[in-house]
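As the structure lists them, so they are numbered: ligands from 1, and atoms in each ligand from 1.
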Amino acid sequence: MQVFNWINKGITNFDEMTDISKELREEFKLKYAIPDAVIEEKFVSKIDGTIKYLLKLHDAEFIESVLMKYHHGYSICISTQVGCKMGCKFCATGKGGFSRDLYPSEMISQIHTAQKDNNIRVSNVVLMGIGEPLDNYDNTVKFLKLISSHQGLNIGMRHISVSTCGIVDKIYKLADEKLQVTLSVSLHETNDEKRSQIMPVNNKWKIGEIIKACNYYFLKTNRRVSFEYTLIKNVNDSSGHAKSLIKLLRGMNCYINIIPINSIEGGIYGECTKAEVINFCNILINAGVTATIRRTLGLDINASCGQLKARNVKTFLGRNNKIESIQQN
Ligand code: SAH
Ligand code: SF4
């Protein structure tokens with residue numbers, strides 16, 4: 001229990017375990033390593049103070065996390081995998097391929113690192129960084145249980161959101177855990193054929209199956225499900241799309257988060273104007289659907305949804321394994 005407490009406090013060295021004998025600490029040093037995520041680069045937005053961290057893991061893999069300040073406190077967007085297998089066409093992570101799953105300790109490290117670096121306490125956690133959390137299910141659930149425990153970071157489950165592209169069998173499994181976390185589903189389309197074109201995962205699980213799973217999630221947890229809808233110019237942004245969205249979600253206890261698409265390098269998907277985004281959102285609101293437009297933070301440092309892609313940084317490693325440049329979108 002003492003060791004658990006220290007690890008949960010985010011120590012990075014066994015010598016910081018001051019209530020454990022020196023002999024035992026020496027033994028630990030020989031046998032174990034404390035999981036860590038070391039800051040390799042830090043980008044601070046001049047616009048809103050959002051901080052994007054490029055973190056190096058023990059095996060020289062890279063991930064990113066983003067710390068945002070809201071009026072109610074600090075929120076962190078963390079990565080759950082190195083890369084992602086899902087290959088969504090509009091997402092920088094999806095383009096970079098997959099390397100490996102993150103351990104629960106590596107997810108926790110992202111929070112500790114940001115907290116220590118800024119001497120703050122994080123109150124909200126969103127699993128919306130690099131990776132698909134439900135494709136790393138067991139580690140994600142362990143992480144959720146650890147950070148919400150009283151001996152851990154004590155971040156209430158209701159302050160945590162898990163975002164998924166729609167891994168249906170795992171939505172059912174998560175519902176049965178009855179964890180009280182917010183489930184966010186990245187929907188982006190209401191037509192199966194079109195959704196499959198931009199999100200290959202839709203070839204396996206169709207929209208109807210996702211909706212059924214979300215209803216089950218609500219039934220089991222009594223938590224309102226949130227749907228992310230990334231608005232892409234001339235792809236899913238017409239008033240017809242808004243109407244199909246209203247029809248699809250009618251009667252569900254849910255809310256919609258409209259995310260204006262963030263352009264990615266080489267991306268073929270265009271951004272809607274501010275007026276078009278507002279108009280789309282208003283169609284939903286006028287039909288009685290709860291909808292909000294996601295505030296885009298950290299625009300100048302490419303810290304927004306879908307722009308994280310740290311794995312590619314490997315390409316830029318110099319001969320002495322030092323980063324020589326970071327590719328900016
Ligand atoms: N894999 C999970 C969580 C990480 S992606 C998921 O897909 O839900 C986090 C969110 O960013 C998702 O809603 C995703 O669809 C969205 N996203 C991806 N690329 C984006 C882009 N270029 N612009 C805006 N949102 C994007
Ligand atoms: Fe993976 Fe989510 Fe990006 Fe799709 S949007 S590729 S699921 S990280």
Starting from atom 23 (N) of ligand 1, locate the nearest protein heavy atom and write down its residue, its atom name and how far away it is, to 0.1 Å. Asn262 N, 2.9 Å

Where on Cys88 is there a heavy atom closer than 4.0 Å to ligand 2, on the side chain, on the backbone, on both, or on neither? both

Looking only at protein heavy atoms, which one is nearest to atom 1 (Fe) of ligand 2, and how far off is it? Cys84 SG, 2.3 Å

Closest approach of any protein heavy atom to atom 13 (O) of ligand 1, naming residue and atom: Ser186 OG, 2.7 Å

Heavy-atom distances under 4.0 Å are what count here, so tell me which part of Thr230 touches ligand 1: side chain, backbone, both or neither. side chain

Going by the atom numbers of ligand 1, which of them fall below 4.0 Å from some non-hydrogen atom of Cys91? 18 (C), 19 (N)

Taking 4.0 angstrom as the limit and counting only heavy atoms of Cys165, give me the atoms of ligand 1 inside it, by number and element. 6 (C), 7 (O), 8 (O)

Out of all atoms in ligand 1, which are within 4.0 Å of some heavy atom of Ile261? Include the element for each. 21 (C), 22 (N), 23 (N), 24 (C)

Rounded to the nearest 0.5 Å, what separation is found between the OH atom of Tyr269 and the NZ atom of Lys89? 7.0 Å

With a 4.0 Å heavy-atom cut-off (strictly under), which part of His188 contacts ligand 1: side chain, backbone, both or neither? side chain

Protein contact to atom 10 (C) of ligand 1 [nearest heavy atom, distance to 0.1 Å]: Cys305 SG, 4.1 Å

Output for pair (Ile301 CD1, Glu41 CD), nearest 0.5 Å, gives 12.0 Å

Looking at atom 9 (C) of ligand 1, what's its closest protein heavy atom, distance included? Met128 O, 3.6 Å

Any non-hydrogen atom of Gly129 lying under 4.0 Å from ligand 1? yes

Parallel, tilted or perpendicular, judged at 30° and 60°: which one describes the rings of Tyr172 and Tyr216? tilted

Suppose we measure from atom 19 (N) of ligand 1 to each protein heavy atom; which comes out shortest, and what is that distance? Gly306 CA, 3.1 Å

For atom 3 (Fe) of ligand 2, what is the closest protein heavy atom, and at what distance to 0.1 Å? Cys91 SG, 2.4 Å

Heavy-atom contact check, 4.0 Å cutoff: does Gly131 meet ligand 2? yes

Distance-minimising heavy-atom pair for Ile76 and Met68: C-CE, 4.3 Å

Between His241 and Ser244, is any side-chain donor less than 3.5 angstrom from a side-chain acceptor? no

Using heavy atoms and a threshold below 4.0 Å, how should the contact between Thr164 and ligand 1 be classified: side chain, backbone, both, or neither? backbone

Are any of the N/O atoms in Gly131 less than 3.5 Å from those in ligand 1? yes

Under 6.0 Å from the NZ atom of Lys233, do we count more than 12 heavy atoms belonging to anything else shown? yes

With heavy atoms under 4.0 Å as the rule, classify the contact between Glu228 and ligand 1 as side chain, backbone, both or neither. side chain

Output yes when a side-chain donor or acceptor of Thr113 lies under 3.5 Å from a complementary backbone atom of Gln110, and no otherwise. no

Closest non-hydrogen atom pair, Ala242 against Ile283: CB-CG2, 3.7 Å

Heteroatom distance test (Phe90, ligand 1): nitrogen or oxygen, under 3.5 angstrom: yes

